[in-house]
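Comments concern the structure below.
Along the sequence shown, residues are numbered consecutively beginning with 1. Order of appearance sets the numbers: ligands from 1, and atoms from 1 within every ligand. All heavy atoms count here, side chains included; hydrogens, waters and symmetry mates do not.
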Amino acid sequence: MTQFTDLGLIEPLLKALTTEGYTQPTPIQAAAIPFLLEGHDLLGIAQTGTGKTAAFALPILQWLSEAEGRPEPKTASVLILTPTRELAVQIAESFATYGRNLKTTRCLIYGGVGQNPQVNAMRRGVDIIIATPGRLLDLMDQGHVKLHGVETFVLDEADRMLDMGFINDVRKIVAKLPKDRQTIFFSATMAGEVSKLAGDILKNHKRVEVSPPATTVERIAQKVMFVNAGDKLALLRELLKGDAIQRAIIFTRTKHGANRIAEQLVKAGETSDAIHGNKSQNARQKALSSFRAGKVRTLVATDIAARGIDIDGISHIINYDLPNEPESYVHRIGRTARAGADGIAYSFCAADEVAFLQDIEKITRQKIEIDGEHPFHAEAVATIHASGKAPRVNRQNQGQRQNQNRGGARPGGPKQGRPAAKRGNGGGHRRPEGRSSRHAS
Ligand code: AMP
């Protein structure tokens, strides 16, 4: 078994990992870190939950600690692009955690908040920018951020980025990056356009891939409950009786649905909150912190809002609505069964969702166990499922996924970002030797 000490990491990072209680690198870390320390471009095929953030954060921190000089005003040495604000915040937290014994400066750039603190934070330049595409482009257009100093570029969750309609923004940003750079590309899937984008922006890259979601799925007890649409809320309340469910994320298809369910649960005396793209950044962070701290037992979320949320101890996932896209099912239930724990996933399935259930069973290559013992069992829905001939229903708001975050990433503002300490740089890149100096010494 590879150990962190085998990977060539420096002492301050090893110390931080020990403080965090990490004993061994995850497979993606063991495979990716040595390549990244050598300065290679990397194509990482891995989803959230595999430890991919540390896989790129550790080598980046190591390289920054060994680099000379300081970034120029308004620029940065490292740019990390990620599709959602939540992911940006989590990545920044990971850098703070792993880099606790090193001095690095970071700036978080995302929309939905005022832009001035972000502009101020960028004034003297920083080591690392962690950004969502829309706001970054806004600040670039206004001349507050320049990318000519970037030496390492990370594109995180590239497939999600494309799903959310950010492809043109990503390409515009990449066009402004120096050609001589290290590129790190992470995606859970590599179909179609993602693969083309990877081909366009990576150079002589190494490829690492970790086990597909199926391995996670196997550890989760999954049950489907056939129910009439009008009985779903009553079924949910039934499930929440007692304390078998310690901490659950309830997934809905729409933002409106998420609000409605959280409200109904609160009315019924449950502790619950909702997160989705229409909520302000503050409201989303507040809901997440209460959930993380155990102050609310249930978090009602849409797919995009929940993407990448990393909270331990989620005992149950409840799919109040089944997702249109079967991959979302795998992402949803992967929120439980973290850190080796087992989890339980319940899926409510009404008549118009049987086709989605069949799609899910196709991609996970397993039949989901039917729980017909609950008081709201709908035999008619079970019959449609058993017939294997479910009608395909066209759902109205398929465009919602795009809008949800697109809207959030654009309009302006700050969150974090400390002013960079002045290192006095004569201009140009931080390391006169260029990319070769990225090799671990
Ligand atoms: P990520 O895939 O980057 O979202 O990471 C998923 C979770 O795994 C996070 O909670 C990390 O803190 C945790 N993690 C990352 N690397 C390790 C490791 N080597 N040992 C234990 N936990 C880890």
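Judged as a side-chain hydrogen bond (donor to acceptor under 3.5 Å, both in side chains), and not counting sequence neighbours, the contacts of Tyr98 are Tyr22.
If you check the side chains of Tyr329 and Glu361, you find no donor sitting under 3.5 Å from an acceptor.
Set against the non-hydrogen atoms of Phe4, the atoms of ligand 1 under 4.0 Å away are 19 (N). Close contacts between ligand 1 and Thr26 involve ligand atoms 16 (N), 17 (C), 18 (C), 19 (N) [criterion: under 4.0 Å to a heavy atom]. Every atom of ligand 1 with a heavy atom of Thr53 under 4.0 Å away is listed here by number and element: 1 (P), 3 (O), 4 (O).
Neither the backbone nor the side chain of Phe56 has a heavy atom within less than 4.0 Å of ligand 1. Of all the heavy atoms of Gln24, the ones lying under 4.0 Å from any atom of ligand 1 belong exclusively to the backbone.
Between Val300 and the options Leu236, Ile249, Thr252, a side-chain contact (heavy atoms from CB on, under 4.5 Å) holds for only Thr252.
The option with the heavy atom closest to atom 20 (N) of ligand 1, from among Tyr98, Tyr22, Phe186, is Tyr22. Heavy-atom proximity to atom 1 (P) of ligand 1, evaluated over Gly51, Ala54, Ala55, is greatest for Gly51.
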Exercise. Would you check, one step at a time, whether the test salt bridge (charged side-chain N to carboxylate O under 4.0 Å, His left out) holds for Lys15 with Glu20?
Key: CA-CA 9 Å; Lys15 225 169 109 194; Glu20 262 312 273; over 6 Å; no

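Pairs of residues two or more places apart, or lying in two chains, that qualify as ring pair (Phe, Tyr, Trp, His ring centres under 6.0 Å) and include a residue from residues 172-200 are Phe56-Phe186.
For the pair Ile128/Leu64, a side-chain contact is recorded, criterion being any heavy-atom separation below 4.5 Å from C-beta on.
Taking distance alone, with nitrogen or oxygen atoms compared against 3.5 Å, Thr23 stays at or beyond that limit from ligand 1.
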